Amino acid sequence: MPLRYDMPLYRPPSEGRNLIIQATIGCSYNRCTFCSNYWTKTFRVRPLEEVFRDIDVAAAEWPDADRVFLADGDALMLPTDHLHRILDRLASALPQLTRVTSYATPDNVNRKSVEELTGLRESKLTLLYVGIESGHGEVLKRVSKGASPQGIGRAINRAREAGMKVSAMVILGLGGREYSDRHIDATIELVNNAPPTFLSTLQLDLQRAEEPGFLARWGKPFEQLDDMAVLDEMERLVTGLDPAHPVIFRSNHASNTLPLGGTLPKDRAKLLSAISDARSGRGVRPWFLRGG
Ligand code: SF4
């Protein structure tokens with residue numbers, strides 16, 4: 001029997017060539033107003049037998065798979081021993097396995113001790129995708145993120161302490177025109193104090209965010225940023241980031257106006273020059289190639 005997924009299925013751009021195993025269905029939180037990914041799904045933990053069956057089917061079809069992404073929206077919410085059972089099964093079914101990754105909310109991370117996270121990392125769960133979205137507390141509240149800037153910073157530093165890599169996401173335009181400067185300044189502060197290994201930008205997609213009611217739940221008028229204002233945010237962010245550890249910066253998600261890549265602070269000048277070129281239209285992704 002082929003591997004069947006409970007659709008829709010989402011994964012980070014960098015997991016496009018890797019095996020995906022659904023350990024949970026949907027998102028246990030599912031309240032962020034900018035995210036409609038799991039809006040149609042009722043959250044559930046998949047029974048281990050189902051997950052094991054998927055692993056065995058996948059291993060028979062793709063025995064050399066070496067990287068696995070655990071879906072759906074926040075597989076790290078699973079109890080630590082449950083995760084270990086999945087990781088052990090993956091390791092025995094896939095002899096070439098080098099790494100396992102998953103999405104995680106800041107709360108998922110903060111609910112686990114550094115020792116638990118270390119144990120998971122030793123069992124090859126080596127990288128977590130964590131949404132920062134914004135470093136500004138009021139923006140986070142208005143989008144119902146369910147996490148404070150302090151909690152997000154704590155989660156990133158906790159994962160780092162456990163030896164895990166963190167790939168974090170920031171959403172450009174999330175504060176609209178009114179909060180734009182504060183959104184970016186606070187995000188710079190958060191990232192400089194809690195540098196992830198990778199930092200990606202996404203761009204607010206209001207059309208998709210309409211489903212969970214972004215505008216209605218924002219609580220006051222919201223003025224969306226145009227592409228030039230989004231480039232301003234990106235420039236301000238790249239200029240201000242000066243993390244204690246190098247951060248690999250990317251804006252390769254399909255929602256971005258400008259696809260960029262480099263390491264901060266080393267490549268700051270190169271990134272700023274690409275942003276400056278984009279103001280005259282060079283390198284900008286046409287709107288019809290953008291997606292959520
Ligand atoms: S952004 Fe993440 S935590 Fe928020 S609803 Fe979407 S999947 Fe869940």
Side-chain angles (χ1 to χ4, degrees), residues 5-15 20-46 69-78 83 101-112 125 127-156 158-159 164 166-176 183 187 190-191 196 198-219 251 253-256 291-292:
Y5 292 112
D6 189 319
M7 302 300 280
L9 183 69
Y10 291 94
R11 46 94 186 142
S14 49
E15 298 289 339
I20 302 178
I21 295 289
Q22 285 177 302
T24 57
I25 301 298
C27 165
S28 70
Y29 180 66
N30 216 18
R31 270 175 279 167
C32 302
T33 66
F34 52 86
C35 170
S36 59
N37 288 6
Y38 305 104
W39 203 238
T40 54
K41 292 185 173 184
T42 302
F43 177 76
R44 70 183 169 90
V45 173
R46 292 187 75 207
F69 174 70
L70 292 180
D72 273 343
D74 65 335
L76 198 78
M77 64 72 60
L78 291 166
L83 281 166
T101 59
S102 83
Y103 285 130
T105 67
D107 192 48
N108 294 160
V109 181
N110 288 331
R111 281 175 184 269
K112 299 208 186 295
L125 181 59
L127 186 150
L128 301 175
Y129 295 94
V130 178
I132 292 177
E133 332 302 2
S134 175
H136 195 265
E138 192 176 338
V139 172
L140 291 173
K141 269 196 199 126
R142 289 191 178 276
V143 299
S144 303
K145 172 67 184 166
S148 65
Q150 296 74 19
I152 296 170
R154 202 178 324 124
I156 294 173
R158 183 179 286 239
M164 288 176 150
V166 172
S167 181
M169 285 77 75
V170 166
I171 304 180
L172 299 177
L174 190 65
H183 164 50
T187 302
L190 194 160
V191 173
F198 304 94
L199 182 72
S200 307
T201 58
L202 281 72
Q203 197 166 316
L204 177 67
D205 181 345
L206 252 193
Q207 211 175 342
R208 290 194 69 214
E210 254 171 34
E211 222 171 332
F214 181 92
L215 290 176
R217 291 164 67 193
W218 180 256
S251 63
H253 187 269
S255 63
N256 285 286

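Whatever order the structure lists ligands and atoms in, that order sets their numbers, starting from 1. Predicted, not measured: the structure shown is a model, and the values here were computed from it.
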Would you please say whether a donor-acceptor pair under 3.5 Å links the side chains of T105 and D74?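 On atom types as modelled, these side chains do not qualify, holding no pair under 3.5 Å.
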Looking only at atom types and distance, does a side-chain atom of [X] sit under 3.5 Å from a main-chain N or O of [Y], one as donor and one as acceptor?
| X | Y | value |
| --- | --- | --- |
| Q22 | D6 | yes |
| H183 | I171 | yes |
| S36 | W39 | no |
| Y129 | P12 | no |

message = Below a 4.0 angstrom heavy-atom separation, can you tell me which part of Y103, side chain or backbone, both or neither, approaches ligand 1?
response =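 Answer for Y103: neither.
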Exercise. Given F43 and Y29, is the ring pair (Phe, Tyr, Trp, His ring centres under 6.0 Å) satisfied, shown in steps?
Worked result: CA-CA 8 Å; F43 177 76; Y29 180 66; over 10 Å; no
Check for me: within less than 2.8 Å of atom 4 (Fe) of ligand 1, which protein N/O/S atoms show up?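 Metal shell, protein only: C32 SG.
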Report task. Find out whether C27 and D72 are in side-chain contact, i.e. whether some heavy atom of one side chain is under 4.5 Å from a heavy atom of the other. Result ->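 C27 does not reach D72 side chain to side chain.
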task = Please identify which atoms of ligand 1 are closer than 4.0 Å to at least one heavy atom of Y38.
result =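 Those atoms are 7 (S).
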Next item on the list: Using protein heavy atoms only, decide if any is under 4.0 Å from atom 2 (Fe) of ligand 1.
Entry: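 No, no protein heavy atom sits under 4.0 Å from atom 2 (Fe) of ligand 1.
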